[in-house]
Amino acid sequence: MPSATITVFVNRFEGFLYRHLERRLAQQIRKFLHRSYGLDLPKIVIEQPPRVELGEYALPLAFELAKKLRKPPRKIAEEIVAGIGPIDDFERLELAGAGYINARVKREQLASALSADERPKAEVPRGKVLVEHSSINPNKAAHIGHLRNAILGDTFVRLLRFAGREVDIQNYIDNTGVQVADVIVGFLHLEKKSRAEIEALTRLPRFDYFCWDLYAQVSRWYEQDKQNRDARVQVLHALEEGGNETAAIADLISLAVLRRHLETMDRLDIEYDFLPRESEILHLHFWDAAFAKLKDAGVLSFETEGKNKGCWVMRRGKVIPKEAENTEVAEEDQKVIVRSNGTVGYVGKDIAYHLWKFGLLGRDFGYRKFYRYPNGHDCWISTTNGDPNHPHFGDVAEIYNVIDARQAEAQNTVVEALRGLGYNEQADHYTHFSYEMVALTPRCAAELGYELSEEDKARSYIEVSGRKGFGVKADDLIDTLIASAKKEVDSRHPQLSEEERMTIATQIAVGALRYFMLKFTKPSVIAFDFKEALSFEGETGPYAQYAVVRASNIFRKGGFDPDTFAGDVASYVSTDDFEKYLNGADGNEIWELWLASSKTSYVIDQCIATTEPAYLAKHVFQLAQLFNTFYHRHPILAEPDESRKRFLLATVAVVRRELTRALAVMGIAVPAAM
RNA sequence: GGCCCCGUAGCUCAGUUGGAUAGAGCAGCGGUUUCCUAAACCGUUGGUCGGCGGUUCGACUCCGCCCGGGGCCUCCA
């Protein structure tokens with residue numbers, strides 16, 4: 001096909017789909033207001049009418065203009081409707097209610113564009129995006145709180161990639177901190193294990209579970225006698241120094257636990273590209289480089305008096321203007337970055353890490369391959385002397401840190417440090433992707449066998465605590481979900497092989513879990529409860545998966561391949577057919593399904609702009625719900641009218657495609673049967 | 001004490017830039033399977049949107065105060 005023809009074809013359809021029509025409508029309105037009233041509104045509010053019969057877009061514009069133009073809203077709306085003239089791909093504007101202007105699109109146009117899967121080119125911002133998520137301390141098994149983090153992070157990555165962005169996924173490994181030190185203390189002082197014995201233990205299929213219990217034990221041991229904490233201080237010292245027996249043991253343990261975390265997350269189709277470790281931040285002297293910059297820029301100051309005497313501190317809160325030279329900062333407003341013993345705290349290392357992320361540090365990690373996923377993708381880890389032949393990490397344009405809301409202040413400190421260094425551009429592209437924690441309901445805690453105080457029983461939720469060994473381990477939850485799904489699949493599909501049934505059960509389990517973690521908006525604390533998390537009915541992942549499976553079943557039983565059909569709808573359904581079946585009272589109901597299908601990319605844009613994946617979960621559910629209603633009402637294969645049958649099949653094909661696509665962005669696969 | 005988050009149906013939650021009659025799932029009650037159809041569908045019960053005041057033509061949404069719940073404010077990470 002000559003390229004000129006392709007260009008014409010693309011231009012013909014460019015501008016379709018929900019968000020593009022919205023933009024076009026706004027432009028026309030803006031032009032009209034300028035032309036007729038000499039008004040230039042900064043924002044044209046466009047919303048969706050409560051019912052599809054009223055149109056596809058609603059403008060409450062006239063209410064806003066009533067005072068400005070000294071006319072009743074209805075009058076203004078009338079003038080706009082009468083005066084605006086034709087708009088491409090819109091049927092007409094209508095006056096409604098007390099002064100709403102509703103816009104109707106040409107349904108058959110939108111439907112044929114959607115069925116042809118026209119996706120207008122979006123302007124993709126330049127530069128790579130870095131998403132940091134998971135970042136679980138490598139000293140114990142991952143729990144449900146980590147699952148929320150990883151699922152949010154992974155879904156956000158998929159959203160960005162859907163929008164055409166290039167994304168690096170990093171998982172920061174704090175392998176030299178207190179938590180790892182504690183578990184080492186457990187192995188050395190409580191278990192009294194040698195390095196060889198520990199090495200043997202790391203080969204346990206769930207070594208992270210062993211550490212989970214040991215970590216809780218160590219915490220209790222510290223409580224028994226404050227002196228026991230000296231062991232931790234010694235271990236921490238050895239880790240910071242490196243190159244000794246304790247550090248070797250720490251490496252053994254943290255890498256083994258890390259490997260387990262990667263396996264756990266891989267069960268949910270969550271992968272990482274690079275694992276930067278704190279040990280390299282220390283040993284490759286990232287901090288020294290960052291420290292020098294921070295001192296030069298005056299971001300850090302050395303305290304010679306008071307409670308922070310001997311520390312390098314940063315001001316907290318608003319940056320004080322340069323003119324205010326003599327401003328003494330209250331001790332409470334100082335953030336200690338370097339302790340009086342010369343060691344650097346967590347935030348300091350984080351500042352160095354973030355300078356590296358933006359390519360501002362002037363140093364780089366060493367890299368080696370650490371983990372190969374079954375699909376062949378390699379995950380790299382930091383090291384001191386690495387493989388020179390490595391991909392380029394860091395040096396990105398934008399970063400998103402998926403970290404829970406409790407660390408908001410530490411995140412702000414890092415951003416302030418960037419600003420203090422004059423990196424405002426980078427600070428503006430630093431997003432703390434903040435979300436609330438996962439807690440347990442008292443009932444759930446009781447089910448798990450924890451003793452609850454009267455006070456705890458009265459709470460609406462209780463915080464998970466790795467230190468106390470209080471929580472639901474990620475693998476346990478996944479196992480339970482798979483077992484539960486497997487039981488159902490076994491009874492529904494006894495004719496399938498064990499392997500097939502297991503695959504389906506796993507997909508359902510993952511769908512249920514990922515959907516569960518995504519359906520809550522980020523600021524909402526999830527009060528975890530097995531009954532809800534294990535549900536496969538109602539607003540759940542399996543509900544949406546089931547809708548797609550039903551759609552596929554229609555094609556299978558009808559002897560069509562759904563993807564082939566979806567790829568060639570135009571030869572089965574004409575624009576005239578779309579016009580015939582999508583209009584009128586009868587058409588409204590099915591049109592609602594088409595309209596919802598057209599909104600997927602629009603919703604994805606909103607998810608990115610607001611860093612809120614929950615909108616996509618909501619969209620998927622609504623689409624599945626509309627489809628189920630449609631499915632129940634229209635026996636498609638039994639439809640006697642051939643052209644109507646083809647139209648109904650086109651409807652199924654498009655919904656199936658959009659739902660599958662949206663689920664994939666949520667990391668949810670569609671089973672072959674359910 | 002300072003800062004942040006939450007408070008919407010019995011329970012768990014949506015409600016985006018203020019807009020048309022406040023929605024969904026679960027639970028409850030009553031129905032629907034020789035079908036592409038029950039992990040589903042239909043119907044039904046259930047609300048002083050924590051309270052008071054303010055801004056606005058219009059407030060669940062914005063502002064102020066108060067009440068209740070949670071979190072953060074360590075030379076922890």
Side-chain angles (χ1 to χ4, degrees), chain A residues 43-47 49-51 54 58-60 63-64 66-67 72-73 96-100 102 137 174 176-180 278 303 307-313 316-317 332-333 335-341 343 345-347 349-350 404-410 412 434 436-437 439 441 459-461 463 485 488-489 492 508 512 519-527 529 531-532 535-540 542-543 545-547 549-558 603 606-607 609-610 612 614-615 617-618 621-622 624-625 628-629 631-639 652 674:
Chain A
K43 192 180 355 175
I44 308 283
V45 175
I46 299 184
E47 50 199 33
R51 291 182 311 279
L54 296 172
L59 296 127
F63 300 109
E64 193 184 335
K67 191 175 251 179
Y100 280 95
N102 292 336
N137 273 299
D174 179 7
T176 60
V178 174
Q179 295 210 22
V180 167
E278 190 165 277
E303 290 298 297
K307 87 172 177 154
N308 293 331
K309 185 178 175 184
C311 298
W312 286 88
V313 304
R316 203 157 42 190
E332 298 76 48
D333 292 334
K335 178 73 198 162
V336 172
I337 304 295
V338 182
R339 303 178 191 109
S340 56
N341 67 4
T343 58
Y346 158 85
V347 176
K349 287 173 246 184
D350 220 24
D404 77 63
R406 287 171 291 193
Q407 296 194 48
E409 201 160 311
N412 285 337
S434 172
E436 270 294 347
M437 62 182 173
T441 60
R459 290 169 184 266
S460 48
Y461 50 79
E463 195 174 344
E488 282 296 313
V489 177
R492 286 163 198 248
I508 292 171
K519 74 188 226 184
F520 301 93
T521 53
K522 295 185 303 166
S524 169
V525 174
I526 298 180
D529 187 72
K531 190 165 152 271
E532 262 190 83
S535 170
F536 298 150
E537 290 166 18
E539 195 185 342
T540 66
Y543 176 93
Q545 289 172 314
Y546 187 58
V549 169
R550 285 176 136 182
S552 303
N553 285 345
I554 295 171
F555 285 97
R556 192 168 41 81
K557 298 244 169 109
V603 171
Q606 283 185 319
C607 289
T610 56
E612 182 51 271
Y615 297 140
K618 198 54 81 180
F621 177 62
Q622 278 164 359
Q625 210 173 26
N628 275 331
T629 306
Y631 180 84
H632 189 256
R633 253 179 232 174
H634 304 277
I636 293 160
L637 295 178
E639 172 61 47
V652 178
M674 273 180 84

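A quick note: this is a predicted structure, and the numbers were derived from the prediction, not measured. Each chain gets a letter, A, B and so on, in the order its sequence line appears, and its residues count up from 1.
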* To do: Would you check if there is a donor-acceptor pair between the side chains of A/Asn553 and A/Arg556 at a distance under 3.5 Å?
  => yes
* Asked: Do A/Asn628 and A/Tyr546 have side-chain N/O donor and acceptor atoms under 3.5 Å apart?
  ->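 The answer is no; no qualifying pair exists.
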* State which of B/G25, B/C75, B/C5 makes the closest approach to the side chain of A/Pro523. => B/C5
* To do: Could you please name the option among B/U16, B/A39, B/C75 that lies closest to any side-chain atom of A/Cys311?
  => B/C75
Contact class for [X] vs. all strands (heavy atom < 4.0 Å): base, sugar-phosphate, or nothing?
| X | answer |
| --- | --- |
| A/Gln622 | nothing |
| A/Arg633 | nothing |
| A/Arg556 | nothing |
| A/Val603 | nothing |
| A/Ile46 | base |
| A/Glu463 | sugar-phosphate |

Pairwise [atom1] distance, [M] and [N] [rounded to whole Å]:
| N | M | atom1 | result |
| --- | --- | --- | --- |
| B/U8 | B/U12 | P | 8 Å |
| B/U48 | B/C41 | P | 29 Å |
| B/G58 | B/U21 | C1' | 15 Å |
| B/U45 | B/A38 | P | 28 Å |

Is the distance from OP1 or OP2 of [N] to the nearest side-chain N or O of [X] less than 4.0 Å?
| X | N | answer |
| --- | --- | --- |
| A/Tyr346 | B/C75 | no |
| A/Gln407 | B/G71 | no |
| A/Lys618 | B/U16 | no |

If you go through the side-chain atoms of [X], does one of them form a donor-acceptor pair with the base of [N] closer than 3.5 Å?
| X | N | value |
| --- | --- | --- |
| A/Arg550 | B/A40 | no |
| A/Asn628 | B/A38 | no |
| A/Glu532 | B/U12 | no |
| A/Ser524 | B/C6 | no |

* Presence of salt bridge, A/Asp404 and A/Arg406, under 4.0 angstrom ->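 Result for this pair is yes, salt bridge flagged.
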